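These numbers were taken from a predicted model, which means no experiment stands behind them.
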Amino acid sequence: AGEPPGGPGAQAQPPGPGAFDLGAQSERWAAFQERHRLSCEEAARLLLDAYECRGLVKHMGGCHCGAVRFEVWASADLHVFNCNCSICTKKQNRHFIVPASRFKLLKGADNLTTYTFNTHRAQHTFCKTCGVQSFYTPRSNPDGYGVAPHCLDDGTVQTIVTEDINGKEWEKAVKEHKTIRDMSKP
């Protein structure tokens, strides 16, 4: 046990077909599997089941030209904010909020640029090529992402409920809102 396939002195082999690089999570993943005596497939099934049991689905999306692509785990029934602050009004920015752990940029990091203003807490990212903002880091939830539902691929959204939020009086609106700050918590 603990030796690479092929016996003592054998070199570890690169991952085979279907394997994936877990990066900084590799040791944690291995310890989890060992502690619970799970195969990689069993551990992956647990993770997928956990997301599905929580009512989450994987949405895929991106900008207009396709240079920026992402995946996001969220409900099929989206709670979307329609903000009337100066920038959201100009951009018609409607978005739902997710924790950073449920968002993954698949491609296009080098094709994003960022605009900030006022407090500079909100990070308005958009594609350098087509100008579409498919997601951003909201001031209300700097530990999460605001995702534009209209930038999601077809087929995974069941319903959208839109809530107006008074961004013209941002501090008051966020203070009075009962759940917005919790929406980016895992």
Side-chain angles (χ1 to χ4, degrees), residues 14-15 17-29 32 40 43-52 54-83 85 87-88 90-158 160 162 165 167 180-186:
F20 49 93
D21 180 8
L22 296 172
Q25 299 300 315
S26 294
E27 288 180 22
R28 185 173 168 214
W29 183 260
F32 176 81
C40 190
R45 188 178 305 121
L46 277 175
L47 177 63
L48 292 170
D49 288 348
Y51 269 101
E52 289 173 355
R54 292 167 75 181
L56 303 179
V57 296
K58 182 167 69 170
H59 302 281
M60 304 294 291
C63 67
H64 184 259
C65 71
V68 175
R69 294 290 297 163
F70 63 86
E71 68 181 35
V72 60
W73 285 90
S75 173
D77 302 304
L78 300 178
H79 183 112
V80 173
F81 290 101
N82 180 33
C83 179
C85 77
I87 194 163
C88 288
K90 297 265 184 192
K91 293 188 311 177
Q92 294 295 292
N93 180 29
R94 291 173 186 86
H95 60 278
F96 62 96
I97 298 171
V98 297
S101 62
R102 294 190 195 155
F103 180 90
K104 182 177 181 183
L105 182 61
L106 301 174
K107 76 175 200 174
D110 58 337
N111 211 53
L112 290 171
T113 193
T114 303
Y115 173 70
T116 66
F117 68 102
N118 193 11
T119 66
H120 303 283
R121 294 212 41 201
Q123 303 290 306
H124 299 274
T125 52
F126 57 95
C127 175
K128 292 178 187 177
T129 305
C130 66
V132 169
Q133 174 183 287
S134 50
F135 65 91
Y136 80 113
T137 304
R139 178 179 171 193
S140 62
N141 298 75
D143 56 345
Y145 289 95
V147 180
H150 51 272
C151 289
L152 298 178
D153 297 348
D154 291 338
T156 56
V157 175
Q158 288 182 348
I160 294 177
T162 303
I165 191 157
I180 196 167
R181 296 251 187 202
D182 295 330
M183 291 180 163
S184 57
K185 305 293 182 246

TODO: List the atom of Ala44, the atom of Trp29, and the distance in Å for their closest heavy-atom pair.
DONE: N-CH2, 3.8 Å
Task: Closest approach of Cys63 to Ala67 (non-hydrogen atoms, all atoms of both residues) - done: SG-N, 3.5 Å
Task: Spatial distance of atom CD1 (Ile160) from atom NE2 (His79) [nearest 0.5 Å] - done: 12.0 Å
- [ ] Taking Gln123 for its side chain and His120 for its backbone only, find out whether a donor-acceptor pair lies under 3.5 Å.
- [x] yes
Task: Distance in Å, Arg181 CZ paired with Asn141 CG, rounded so as to fall on 0.5 Å steps - done: 7.0 Å
Open item on the list: When you compare the side chain of Leu78 with that of Val147, does any pair of heavy atoms fall below 4.5 Å?
Closed with: no
TODO: Mark yes when over 12 heavy atoms from residues, nucleotides or ligands other than Lys185 sit less than 6.0 Å from its NZ; otherwise mark no.
DONE: yes
TODO: Look at atom NZ of Lys128 and say whether more than 12 heavy atoms of other residues, nucleotides or ligands are closer to it than 6.0 Å.
DONE: yes
Task: 4.5 Å side-chain heavy-atom contact, Thr137 and Thr125 - done: no
- [ ] Take Ser140 and Ile97 through the side chain to side chain contact (heavy atoms under 4.5 Å, CB included) test and state the conclusion after the steps.
- [x] CA-CA 10 Å; Ser140 62; Ile97 298 171; 4.0 Å; yes
Open item on the list: Minimum heavy-atom separation for Thr116 and Ala122, please, with both atom names.
Closed with: CG2-O, 3.4 Å
Open item on the list: In the structure I gave you, are the side-chain heavy atoms of Met60 and Leu106 within less than 4.5 Å of one another anywhere?
Closed with: yes
Open item on the list: Working to the nearest 0.5 angstrom, can you tell me the gap between Leu105 CG and Leu112 CG?
Closed with: 6.0 Å
Task: Separation of Cys151 SG from His64 NE2 (nearest 0.5 Å) - done: 10.0 Å
Open item on the list: Please find the pair of heavy atoms, one from His150 and one from Arg94, that lie closest to each other, and give the distance.
Closed with: CE1-O, 3.9 Å
TODO: Show the numbers, then the answer: is there a side chain to side chain contact (heavy atoms under 4.5 Å, CB included) between Gln158 and Val57?
DONE: CA-CA 11 Å; Gln158 288 182 348; Val57 296; over 6 Å; no
Open item on the list: In terms of relative ring orientation, are Phe81 and His95 parallel, tilted or perpendicular, with 30° and 60° separating the classes?
Closed with: tilted
- [ ] Return the orientation label for the Phe135 and Tyr145 ring planes: parallel under 30°, perpendicular over 60°, tilted otherwise.
- [x] perpendicular
TODO: Taking all heavy atoms of Cys65 and all of Cys130, pick out the closest pair and write down the distance.
DONE: N-SG, 3.6 Å
Task: Heavy-atom closest contact (Thr156 atom, Lys58 atom, distance) - done: CG2-O, 3.7 Å
Task: Residue pair Val157 / Pro149, side-chain heavy-atom distance below 4.5 Å - done: no
Open item on the list: Using 0.5 Å steps for rounding, measure from the CG atom of Asn82 to the SG atom of Cys88.
Closed with: 8.5 Å
Task: Modelled atom types, side-chain donor and acceptor of Ser184 and Asp143, under 3.5 Å - done: yes
Open item on the list: Would the distance check show the side chain of Arg69 and the main-chain N or O of Gly61 forming a donor-acceptor pair, the cut-off being under 3.5 Å?
Closed with: yes
Task: Side-chain donor or acceptor of His59 paired with backbone N/O of Ser75 under 3.5 Å - done: yes
- [ ] Among Phe96, Trp73, Phe70, find the residue that satisfies the ring pair (Phe, Tyr, Trp, His ring centres under 6.0 Å) test when tested with Phe103.
- [x] Phe70
TODO: For residues Phe126 and Tyr115, establish whether the separation of their ring centroids is below 6.0 Å.
DONE: no
Open item on the list: Please check this pair: side chain of Asn111 against backbone of Val68, looking for a donor-acceptor N/O pair closer than 3.5 Å.
Closed with: no
Task: Between CD1 on residue Ile87 and CD on residue Gln133, distance to nearest 0.5 Å - done: 7.0 Å
